[in-house]
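From a predicted model like this one, the values you see are computed outputs, not experimental measurements.
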Amino acid sequence: MTLTSRITPGAIWYRLYHAPKGTLKRWQQRGIVNAWVDQWHHRQMRRAVAHLPPCSLDSASIPIFFLSGRRFWHQTCFCFYSLQRQADLPLKLVVYDDGTLTQRNRHQIQRLFPGSDIISADAIEERLNQVLPIEKFPYLRSRRLTYPNLRKLTDIHVGSEGWKLVLDSDMLFFRPPTQLLQWLQQPQHPCYMVDTETAYGYSPQLMQQLAGAPIPERVNVGICGLNSTHLDWAKLEDWCRQQIEQEGTHYYQEQALIAQLMAQQPCDVMNVDDYIVQPHPDEIKQPTACLHHYVAASKPGYFRDGWQQVIGQRSLKRGAIA
């Protein structure tokens with residue numbers, strides 16, 4: 001696949017409209033000074049990755065999966081680095097390229113985590129064409145082009161077997177995540193973490209009708225463990241189609257689809273006090289939980305305090321990491 005073929009109308013629309021609109025909204029909410037300081041700390045975070053010491057990997061390591069790209073690779077590194085520091089299990093980083101990773105990004109990831117795997121966008125596309133041909137799965141294939149979050153489901157699980165733990169990049173571990181590590185050693189059921197509120201974008205009536213079972217509330221897929229072998233892609237295609245045809249597209253559609261999968265079987269749910277979505281500022285500055293998932297209003301704290309605590313530098317001065 002050529003670079004040109006990856007530049008879809010959806011990607012162009014995102015870069016020219018949605019991304020600038022989101023940035024403007026954040027600047028309006030935070031104020032110019034606060035937004036500038038947030039961005040400065042974010043740049044420091046990117047630079048800090050180059051100074052993290054390489055992590056040794058065992059050949060028998062348990063793989064942990066991420067979807068990442070040019071905008072998020074440094075967050076992926078910090079998330080996995082913080083997990084390795086708190087885990088008593090040998091773990092291996094597996095990154096699925098969203099099509100935007102640069103050669104420099106790849107080099108930094110593999111320098112920090114020798115033996116890590118980076119699955120190229122070309123390899124992903126080839127597998128999708130084999131297992132989810134566009135003529136049979138038009139909704140999943142077209143939706144993933146305009147809605148990258150769906151790739152955490154399609155790209156990572158398609159044509160694969162066995163249990164996989166997929167993590168969002170904007171998370172950090174501060175204490176041993178005992179419950180999650182136990183799941184990794186003996187997964188029996190899908191797992192997820194608990195959101196601050198139920199956020200699926202689709203009506204409960206439609207979701208329950210599609211799933212054929214009551215939908216669990218507050219499913220957050222920052223942590224998402226699924227068995228690739230058991231995913232019914234024809235069913236997921238139909239769900240995706242009906243959601244779009246009946247109620248349109250939505251930013252949380254991936255979370256809605258996974259909540260419907262979770263509704264059909266017993267699940268292991270991460271303890272809400274140990275695995276926190278959108279931590280309070282006080283919790284960010286003095287973590288008591290195992291994990292923080294920095295969404296929405298907690299993003300500024302992530303860039304200002306969260307990652308710095310992972311490396312023991314809570315008060316970086318300008319230029320401290322060059």
## Note on the structure
Looking only at heavy atoms, the pair that brings L67 and S169 closest together is O-OG, 4.0 Å
### Query
Do the side chains of S228 and E161 get nearer than 4.5 Å, heavy atoms only?
no
### Query
Is it true that atom CD of Q130 has more than 12 heavy atoms of other residues, nucleotides or ligands lying nearer than 6.0 Å?
yes
### Message
Does L236 form a side-chain contact (heavy atoms from CB on, under 4.5 Å) with L140? I'd like the steps, not just the answer.
### Response
CA-CA 8 Å; L236 284 164; L140 289 175; 4.3 Å; yes
### Query
Can you check whether L226 reaches L261 side chain to side chain, under 4.5 Å on heavy atoms?
yes
### Query
So, S68 side chain and T76 main chain: donor-acceptor pair closer than 3.5 Å or not?
no
### Query
Hey, are the side chains of Y192 and I258 touching, using non-hydrogen atoms and a 4.5 Å cut-off?
no
### Message
Whether the side chain of E283 engages the backbone of T288 through a donor-acceptor N/O pair (distance < 3.5 Å, no angle test) should be reported.
### Response
yes
### Y252 atom OH, neighbour heavy-atom count above 12 within 6.0 Å
no
#### Entry: Inter-residue atom distance S116.OG - K92.NZ, 0.5 Å rounding
8.0 Å
### Task
Return yes if a side-chain donor-acceptor contact under 3.5 Å exists between D122 and S120, otherwise no.
no
### Query
Can you check whether D98's main-chain N or O pairs, donor with acceptor, with R151's side chain at less than 3.5 Å?
yes
### Student check: side-chain heavy atoms of C77 and I109 closer than 4.5 Å
yes
#### Entry: Separation of L206 CG from Q242 CD (nearest 0.5 Å)
7.0 Å
### Query
Can you list the steps and then say if I119 with V94 is a side-chain contact (heavy atoms from CB on, under 4.5 Å)?
CA-CA 8 Å; I119 313 302; V94 182; 4.2 Å; yes
### Message
Under the criterion side-chain contact (heavy atoms from CB on, under 4.5 Å), I'd like the reasoning laid out for F72 against D170: C-alpha separation, chi angles, the key distance, then a yes or no.
### Response
CA-CA 8 Å; F72 307 107; D170 57 348; over 6 Å; no
### Query
Would you call D168-K152 a salt bridge at under 4.0 Å N-O?
yes
### Query
Given T154 and W233, is the side-chain contact (heavy atoms from CB on, under 4.5 Å) satisfied, shown in steps?
CA-CA 9 Å; T154 56; W233 293 107; 4.1 Å; yes
### Message
Both conditions, 6.0 Å and 45 degrees, for the charged tip of K299 above the ring of Y294: are they met here?
### Response
no
### Message
For the CG atom of D305 and the CH2 atom of W307, what is their distance to the nearest 0.5 Å?
### Response
10.5 Å
### Near-ring test Y96/F66, centroid separation under 6.0 angstrom
no
### Single-linkage hydrophobic cluster, 4.5 Å side-chain cutoff, Y275 and V194 together
no
### Query
Does any N or O in the side chain of T198 come within less than 3.5 Å of the main-chain N or O of R218, such that one atom is a donor and the other an acceptor?
yes
### Query
Is any side-chain heavy atom of C240 closer than 4.5 Å to a side-chain heavy atom of K235?
no
### Query
What pair of heavy atoms forms the shortest contact from G225 to M262, and how long is it?
O-CE, 4.3 Å
### Task
Scan side-chain atoms only and decide if Q255 and Q260 contain a donor-acceptor pair under the 3.5 Å cut-off.
no
#### Entry: Q253 side chain to R143 side chain, donor-acceptor N/O pair below 3.5 angstrom
yes
### Side chains of Y202 and Q246, donor plus acceptor under 3.5 Å
no
### Closest non-hydrogen atom pair between L93 and F80, with its separation
N-CZ, 3.4 Å
### Query
Counting distance only, does the side-chain N/O of N105 pair as donor-acceptor with the main-chain N or O of L101 below 3.5 Å?
no
### Message
Using 0.5 Å steps for rounding, measure from the NE2 atom of H189 to the CG atom of N227.
### Response
12.0 Å
### Task
Indicate whether any N or O donor in one side chain lies under 3.5 Å from an N or O acceptor in the other, for Q44 and R47.
yes
### Hydrophobic cluster membership, V221 vs L83, 4.5 Å side-chain cutoff
no
### Query
Heavy-atom distance under 4.5 Å between the side chains of H42 and Q75, does that happen here?
yes
### Message
Has W73 got a side-chain atom pairing as donor or acceptor with G69's backbone, closer than 3.5 angstrom?
### Response
no
### Message
For the CD atom on Q186, are there more than 12 heavy atoms of other groups (residues, nucleotides or ligands in this structure) within a distance under 6.0 Å?
### Response
no
### Query
Counting only N and O atoms by type, is there a donor-acceptor contact under 3.5 Å from the side chain of Q286 to the main-chain atoms of D282?
no
### Message
I'd like to know if the side chain of Q309 reaches the main chain of I284, judged simply by a donor and an acceptor atom lying under 3.5 Å from each other, with no hydrogens or angles considered.
### Response
yes
## Note on the structure
For F113 and C55 the tightest heavy-atom approach is CE2-SG, 3.8 Å
### Query
Does Q179 reach the main-chain N or O of V269 with its side chain, forming a donor-acceptor pair under 3.5 Å?
yes
### Message
Ring centroids only, cut at 6.0 angstrom: are F174 and H292 within range, meaning strictly under it?
### Response
yes
### Message
How close do D97 and I124 get, counting heavy atoms only, and between which atoms?
### Response
O-CD1, 3.4 Å
### Query
Between I118 and L128, is there a shared hydrophobic cluster once you connect ILVMFWY residues whose side-chain heavy atoms come closer than 4.5 Å?
no
### Task
Give, for atom NZ of K164 and atom CG of L231, the distance between the pair rounded to the nearest 0.5 Å.
9.0 Å
### Query
Should R127 and D155 count as an ion pair when the cut-off is N to O under 4.0 Å?
no
### Task
Assign the ring pair F78 / Y81 to parallel, tilted or perpendicular, where the plane angle (0 to 90°) is split at 30° and 60°.
perpendicular
### Message
With clusters defined by side-chain heavy atoms of hydrophobic residues (ILVMFWY) lying less than 4.5 Å apart, directly or transitively, does L172 cluster with I311?
### Response
yes
### Query
Do the side chains of V49 and L91 join up, straight or via other hydrophobic residues, at under 4.5 Å, putting them in one cluster?
yes
### Message
I'd like to know if the side chain of S82 and the backbone of F173 have a donor-acceptor N/O pair within less than 3.5 Å.
### Response
yes
### Message
What's the separation between atom NE2 in H293 and atom OG1 in T196, rounded to the nearest 0.5 Å?
### Response
10.5 Å
### Message
For a 4.5 angstrom cut-off between non-hydrogen side-chain atoms, does V166 reach I64?
### Response
no
### Query
Any salt bridge between R241 and E247, counting N to O under 4.0 Å?
no
#### Entry: Side-chain heavy atoms of L165 within contact of L180, under 4.5 Å
yes
### Query
Is the shortest distance from a Lys or Arg side-chain nitrogen in E135 or R141 to a carboxylate oxygen in the other one below 4.0 Å?
no
#### Entry: Exercise: identify the closest heavy-atom pair between Q278 and A296
OE1-CB, 3.6 Å
